[in-house]
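Accompanying notes for the structure given below.
Side chains included, hydrogens not; waters and symmetry mates left out as well; all remaining heavy atoms used. Since the model is a prediction, treat every value here as computed from it, not as a measurement.
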Amino acid sequence: MGVGLSLPCSHTHCFIPTSTTPFHSKSKHKSFLFNPFTKSWQTHLPKPANFTMAQALKCGGVEEMETQQENSMSLVIDPHKIDPQLLQKMEYDALVWSSLHGLLVGDTNSQSSGRVPGVGLVHAPFSLLPMPFPESHWKQACQIAPIFNELVDRVSLDGKFLQDSLSRTKKVDAFTSRLLEIHSKMLDANKKEEIRLGLHRSDYMLDEQTKLLLQIELNTISSSFPGLSSLVSELHRSLLHQYKQRLALNPERIPQNNSVTQFAEALSKAWSEYNNPRAVVMVVVQTEERNMKTLAEIDAHGELLPDGTLVVDGEAVAVVYFRAGYAPSDYPSESEWRARLLMEQSSAIKCPSIAYHLAGTKKIQQELAKPNVLERFLENKVDIAKVRKCFAGLWSLEDSNIVKDAIEKPGLYVMKPQREGGGNNIYGDDVRETLLRMEKEGSDEDAAYILMQRIFPSLSPAVLMRQGISRKDHVISELGVYAAYLRNKTKVIMNEECGYLMRTKVSSSNEGGVAAGFAQIVNLNFSKSSTRGHSLPTQGQSRGEDSARGEEV
């Protein structure tokens, strides 16, 4: 991702903010409102000496609070070299800004979190400053987002491809098998999704050795953090304006990030396409969030009318947005599976449909990387080349030569199961041990995994904020680009890139899920020469090898 030190002036970078604020609503109107939620905030940082609340409340402006002594010092381009007193002021301002602007999440240590408005909240984990990221690679990721949208849609329409590609996997993976069972029932019933909505996020890392932007995964269900990422962009822009006399970072180089508003617009347009002004948007959540609707509640209170209308608590549902349903733990009983089938059988617009969900699995990602497979779904040769350029090495464990190489050089590979949310991948010597065990047992367990080339991004210095406490460390970053796709049976209504997410994690951590506690949300900025002759570092966040889904930290 580039280091934050002495970047060549000829290189154009962008600074990407990182954030973790959830964008779902904690409204008492349950599942029927879709609004960014705001919460209050806690901090463990002491108030800086000689620092008034009046000054704190101006944290979003451009007023300078540095002393004459501070102004006489040189510009800082390495966050680890920021003067301790200045750093304390910046941390305090960042936490106040977070509390005033809703850069907050539920505190899992509080029993009141999610139950009492304004209680049990804490700031989302973030990097104090944006991270460096090359503008050309950011533009590359943005330009291919609509192509991936189209690819997901076309793969979703090829039921045979989905069933055949996952046929071995379902024999050893009960969760994938249940998803395929629902999909098969829809195929047998000739169920057509005439209106299709996808809210996606494609995640990338920039490989330090090859300088290639390589895709980690494509998320088609519960693509988290559009609300938080937008807020972190604003936070970093505010800090860079306020401390511009001391930091060699240009706030104008932080790209605009409208991910939450564009996702909301896509949901609104889908609701309009359903063409029932009395119908609602229903958000499906995990049980511990205590808001919206859980799968079990939908099973208990939902019904399917003869015309296909889904009704929950007496309300017709136009759009179902899944913030849950991507992990086996979301289905602790048959009740949750009945709810998933009920929704799939209905005429409600599902985000995602079961076919879109399956199109985002690791096995399908690996299948699409095979020679000549993209040509099955895309006609434009230029588009095919752009997509293929960002594919990392992906292999089935049926490839004995790759398995042999992974056993000999496990540090160059990652083993991935068909799971979402982080914390599921296998790294390092564990790759060798797992492969040798499966060879010895001779089972079909290998069908539950794929092998992926391990990507090695560069390190950047960063100041990470979590639970009101700062930490200096060296991090690696992962860029996620959001995209929305909506079409009816006659035309594409929306197909566009919708903003970005940068996640950082300390270099010693393999996994990178924010919700799982591995990563911070950061922002990115394009680096360019400043007016004082310094090159500008950019900030970005990156994760291990898998994306986070959850909102709560």
Side-chain angles (χ1 to χ4, degrees), residues 1-4 7-19 126-127 129-149 200-208 210-219 223 225-226 228-237 240 249-260 262 383 386-387 389-392 455 457-460 462 475-484 496-504 512 519-529 535-543 547:
M1 290 301 180
V3 294
L7 291 172
C9 295
S10 60
H11 289 187
T12 303
H13 284 65
C14 68
F15 296 120
I16 298 193
T18 59
S19 74
F126 58 83
S127 170
L129 290 171
M131 306 298 294
F133 199 82
E135 183 176 10
S136 60
H137 288 94
W138 177 72
K139 288 182 176 179
Q140 176 191 351
C142 291
Q143 289 169 357
I144 59 179
I147 306 174
F148 273 113
N149 280 344
H200 304 145
R201 194 187 73 231
S202 186
D203 295 330
Y204 305 89
M205 278 186 175
L206 181 58
D207 186 67
E208 173 66 13
T210 63
K211 305 302 180 185
L212 292 175
L213 186 71
L214 300 177
Q215 186 184 55
I216 303 299
E217 66 174 349
L218 177 61
N219 304 297
S223 301
F225 305 126
L228 288 177
S229 64
S230 298
L231 285 170
V232 173
S233 298
E234 295 177 25
L235 166 62
H236 286 163
R237 196 174 289 111
L240 296 194
L249 298 171
N250 182 357
E252 304 306 319
R253 300 300 293 164
I254 295 178
Q256 290 297 316
N257 192 358
N258 301 316
S259 52
V260 68
Q262 288 183 266
D383 288 349
K386 288 179 179 179
V387 170
K389 182 179 180 181
C390 72
F391 279 166
I455 303 167
S458 61
L459 299 181
S460 297
V475 300
I476 59 176
S477 296
E478 179 180 305
L479 170 67
V481 172
Y482 296 105
E496 56 193 53
E497 167 266 321
C498 295
Y500 59 89
L501 166 73
M502 282 292 277
R503 280 164 301 178
T504 61
Q520 318 288 119
I521 296 181
V522 184
N523 191 7
L524 81 87
N525 201 351
F526 301 117
S527 113
K528 216 176 191 182
S529 300
S535 58
L536 296 180
T538 58
Q539 302 211 209
Q541 25 179 175
S542 89
R543 242 175 79 249
S547 311

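- Of the possible polar contacts, none joining the Y482 side chain to the N258 backbone as a donor-acceptor pair under 3.5 Å is found.
- Of the possible polar contacts, none joining the Y500 side chain to the A141 backbone as a donor-acceptor pair under 3.5 Å is found.
- Listed by chain and residue number, E208 satisfy the salt bridge (Lys or Arg N to Asp or Glu O under 4.0 Å) test with K211 (two or more places apart in sequence, or in another chain).
- Interatomic distance, CD of Q140 versus CG of L213, reported as 5.0 Å (0.5 Å rounding).
- Counting heavy atoms from C-beta outward, P457 and L206 have side chains that stay 4.5 Å or more apart.
- Listed by chain and number, the residues in a side-chain hydrogen bond (donor to acceptor under 3.5 Å, both in side chains) with E497 amount to none (sequence neighbours excluded).
- Looking only at distances, no side-chain donor or acceptor of D207 sits under 3.5 Å from a matching main-chain atom of L214.
- In plain terms, the two heavy atoms of P226 and S229 that are nearest each other are O-OG, 3.1 Å.
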Q | Test log, rule side chain to side chain contact (heavy atoms under 4.5 Å, CB included), inputs Y204 and H137 | A | CA-CA 10 Å; Y204 305 89; H137 288 94; over 6 Å; no

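- Shown here for L240 and P251, the closest heavy-atom pair between the two residues is CB-CB, 3.7 Å.
- Under the 3.5 Å distance criterion, with hydrogens and angles disregarded, no donor-acceptor pair is assigned to the side chains of T504 and S127.
- Note that SG of C498 and CG of N149 are 8.0 Å apart. Values are rounded to the nearest 0.5 Å.
- Heavy atoms only, all atoms of each residue included: C142 and V481 are closest at CA-CG1, 4.2 Å.
- Although no hydrogens or angles enter the test, the distance criterion places no donor-acceptor pair under 3.5 Å between the side chain of S259 and the main chain of G499.
- If you take CZ on R237 and CZ on R253, they are separated by 12.0 Å, rounding to the nearest 0.5 Å.
- Considering every non-hydrogen atom in both S202 and Q215, the closest pair reads OG-NE2, 2.8 Å.
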